[in-house]
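Written below as structure tokens is the structure these notes are about.
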Amino acid sequence: MLQQSIKYLPGIGPIRAQLLEQELGLKTYEDLLNHFPFRYIDRTKFYKIKEIRATNADIQLLGKLVEVTEIGNGRKKRLTAILEDETGQLELVWFKNYQYIKKRLQINQTYVVYGRPNLFNRKFNMAHPEIETIEERKKKSFLKLQPVYPSTEKLIKKGFNTRLWTHIMSGLFKETGLKFKESLPPEVLNELKLLDKNQALFNIHFPQNIDLLQKAQTRLKFEELFYLQLQLLQKNLQHKKKIKGHIFPKIGPYFNQFYQKILPFDLTNAQKRVLKEIRADVKSGTQMNRLLQGDVGSGKTIVAMLSMLMAIDNQFQAALVAPTEILAQQHFKGLKPYADALGLNIHLLTGSTKKKEREVIHAGLESGNLHMLIGTHAIFEDKVKFKNLGLAIIDEQHRFGVAQRAKMWQKNRIPPHMLVMTATPIPRTLALTHYGDLDISIIDELPPGRKPVKTIHRYRKDKLKVFEFIKKELEKGRQAYVVFPLIEESEQLNYQNLMDNYEKIKIFFKNTAFKTSMVHGKMKPAEKEAEMTRFKNNETHIMVATTVIEVGVNVPNASIMLIESAERFGLSQLHQLRGRVGRGADQSYCILMTDYKLSQEARIRMETMTATNDGFKIAEVDLKLRGPGNILGTQQSGLMQFRIADIIKDAPLMHTARQYAYRILKKDFNLIHPEHQQVRYFLQKQVRKTGFWNLIG
Ligand code: ADP
Ligand code: MG
């Protein structure tokens, strides 16, 4: 029944059917049934003429006609009428086929008028409104909440107005007779007190009152999110069942010695919790696939170190992969003293590793005498073979794709445990959906004693004052970053821009003791490294850079981050850059310098940055500004196209849906119990329809 063509429904016919298919992809009864209104107009509310605003959509007025005239000649001929209430007057116009209306209109009669106000010659008017007397209105049975359906220019031109849509939907409901199969299990309906399927569908199209409309919306949103989570969780759990993982049964001497004797500070509670989660995974017998989210500076590296020791204590090797050479080097330098203290063999492998060193590494990896390998993409190469890689950690995940994760897996018959670390938090709702196949750990606590970075927004005209401020801080012994955005169109322009500004900065600080370093994309890795090292050793005091320093660089004495043309950066990038300071004991500052003129969105970005240091809050705003598709890249955005739910507004409902989906799968993974028959049926149907597995494969 539901697969029947809509062609023969009242009000449609073959031509309109074709239009609906072309424009909205609506073919069957089912498609039409699931074509939900996107808003409703309250037909119980009357506006006063004085209250009309340019932003009003369709509104309803009540007033007396004080004038009706036909004006203009030929094609410009039209009918106008003046409607008056106690607050003012409004012109109504009809441009064609108005003879019938003209006959009905009477001066001094009170009418209900319904339509969309237009601003014309700085006055409002209303073209082709619906108009009826109070008596006529009373006789008609009509919906107090009038649905507005998603439509297209073309459909509107071809007469698809509210009245036609309602007519079509009435026909559909008469045909199908409200006998839709329930798609949610009874326990879920009962516990959450959700409307049943028939009532929900009826009220979404023909809301009987606001309460029932809201209940219908909740129920249908829940259903959508519930089936999405069922799919994600089923995939996640299936993965766990199928993919065997190495077992690290014991916590051994390396871990214990490091934890008790070498680790220079106490772990935060969040770090401890995450380590427990990792520990549970690596002894479970299935492969760990975990995403570790933690704000910049939250201390992910130590978690990585301790996890690697779990592997090494059980006679496995461990690898840590970073997205850039600088970062890989930094990790290596940070971790080497620890490894040395423990008597472990650690090496660095990057694109610029010399052949001789490479040979030593390859041999060490294959014999198993090399315990920890730190590096870049170079580690992914096929010729890099491990004796027994037990754990692979990828830092700063957003730079690597799923395909690269898979590469690590293929390095062994039994894939290594995978820990993916990211400092670009994505809102939890989005993470649950996007990384449905990963488990998620969160470090939501910074190490103690950090002073939050003070963030200030300044206009470019105040640049000299800002430089003066920087100078004062440098005089206290601090160091500063000055970052320029990349101009996308031209590498040459970037270079030019950077050089010009570098010169200006040098001139400003000419008669001081302060020296300037610079790093940019055109430099060779060795040069970059040399400059970074000079800065790190406090031989230079100002680091001028393009965004190459964005990720992970650690210079605790640097306490100022000046971001030039900050309006060109996205929120997550700004937050990343800010994370470069605030790493030492001193008060740190992040100065966002922009043009005076800013777009609305850029202004919100600056306000968000000055208002909060919380990466998760920033991610939420970013999501609202850019939408999920943009944050995750277009590839995956198919997943984010909901029929009725809204991933931002309906986050709590998403969590509830996930809980219920989890509970059901836990009890009955294959959905074979009789009470889950329906769920299985609808799930299969949805999987077929969305081609879901391919989307996140
Ligand atoms: P991120 O999460 O950004 O990778 P890092 O791992 O680089 O952060 O840690 C930032 C700094 O905080 C490092 O200098 C690190 O030694 C220090 N740190 C990490 N954990 C703690 C802790 N529990 N107590 C004090 N300092 C810590
Ligand atoms: Mg890091």
Side-chain angles (χ1 to χ4, degrees), residues 258-278 290-309 319-339 341 348 372 374-376 392-400 419-426 440-453 479 481 532 536 547-559 561 572-586 588 590 613-616 618-619:
F258 181 75
Y259 192 80
Q260 285 156 16
K261 305 233 173 76
I262 301 175
L263 184 67
F265 40 70
D266 292 331
L267 294 182
T268 62
N269 286 328
Q271 284 169 322
K272 284 183 196 160
R273 188 185 63 234
V274 166
L275 274 166
K276 273 191 198 134
E277 288 164 356
I278 293 170
R290 189 168 279 282
L291 177 72
L292 172 55
Q293 291 201 47
D295 218 334
V296 199
S298 62
K300 294 184 291 294
T301 317
I302 280 302
V303 171
M305 177 71 194
L306 282 158
S307 308
M308 290 197 276
L309 294 179
L320 170 60
V321 187
T324 65
E325 176 123 15
I326 291 184
L327 258 180
Q329 266 160 7
Q330 189 173 290
H331 275 317
F332 179 69
K333 278 189 196 147
L335 298 182
K336 184 156 194 321
Y338 296 148
L348 175 69
M372 299 163 83
I374 315 294
T376 58
I393 302 178
I394 298 185
D395 196 10
E396 313 292 358
Q397 131 90 14
H398 56 299
R399 302 250 169 147
F400 295 112
L419 181 66
V420 170
M421 306 198 294
T422 169
T424 316
I426 48 176
I440 297 173
S441 289
I442 295 181
I443 306 188
D444 50 5
E445 183 185 355
L446 291 181
R450 294 272 170 84
K451 288 205 186 86
V453 179
Q479 288 165 282
Y481 294 102
M532 285 306 301
K536 207 166 180 168
T547 33
V548 282
I549 62 151
E550 180 189 336
V551 186
V553 174
N554 194 13
V555 182
N557 191 48
S559 67
M561 169 61 66
S572 72
Q573 237 182 343
L574 290 172
H575 182 61
Q576 283 289 316
L577 286 169
R578 176 167 60 186
R580 299 308 114 218
V581 295
R583 298 184 160 226
D586 309 309
S588 291
C590 173
N613 279 307
D614 181 335
F616 284 93
I618 290 170

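The shown structure was predicted, so the numbers you read here are calculated from the model rather than taken from an experiment. Counting starts at 1 for both ligands and their atoms, in listed order.
Of all atoms in ligand 1, numbered sequentially from 1 with element shown, those under 4.0 Å from a heavy atom of Thr301 are 4 (O), 5 (P), 6 (O), 7 (O). Listed by atom number, the atoms of ligand 1 under 4.0 Å from Thr268 heavy atoms are 23 (N). Short contacts between ligand 1 and Asp295, defined as distances under 4.0 Å to a heavy atom of the residue, involve ligand atoms 2 (O). Ligand-side atoms of ligand 1 in range of Asp266: 22 (C), 23 (N), 24 (N), range being under 4.0 angstrom from any heavy atom. Counting the atoms of ligand 1 from 1 in the order shown, those under 4.0 Å from a heavy atom of Leu267 are 23 (N). Under a 4.0 Å criterion applied to the non-hydrogen atoms of Ser298, ligand 1 contributes the atoms 2 (O), 8 (O).
Not a single N or O atom of Ile302, backbone or side chain, sits closer than 3.5 Å to an N or O atom of ligand 1.
With rounding to the nearest 0.5 angstrom, the OG atom of Ser298 is 7.5 Å from the CD atom of Gln271. To the nearest 0.5 Å, the span separating CG on Leu327 from CD1 on Ile374 amounts to 12.0 Å. In this structure, OH on Tyr338 lies 11.0 Å from CE on Met372, to the nearest 0.5 angstrom. Going from atom CD1 of Ile393 over to atom CD1 of Ile278 covers 7.5 Å, rounded to the nearest 0.5 Å.
No donor-acceptor distance shorter than 3.5 angstrom exists from the side chain of Lys300 to the backbone of Leu292, with no hydrogens or angles considered. Of the possible donor and acceptor atoms, one in the side chain of Asn613 sits under 3.5 Å from a partner among the backbone N and O of Val453. A donor-acceptor pair under 3.5 Å is formed between the side chain of Arg273 and the backbone N or O of Ile442. Glu445 contributes a side-chain N or O that, together with a main-chain N or O of Ala270, makes up a donor-acceptor pair within less than 3.5 Å.
Contact annotation for Gln271 and ligand 1: only side-chain heavy atoms (C-beta onward) come within less than 4.0 Å of the ligand. Neither the backbone nor the side chain of Ile443 has a heavy atom within less than 4.0 Å of ligand 1.
Of the options Arg450, Arg583, Arg580, the smallest heavy-atom separation from atom 11 (C) of ligand 1 is shown by Arg450. In the candidate list Gly334, Ala270, Gly297, Gly297 is nearest to atom 3 (O) of ligand 1, counting heavy atoms.
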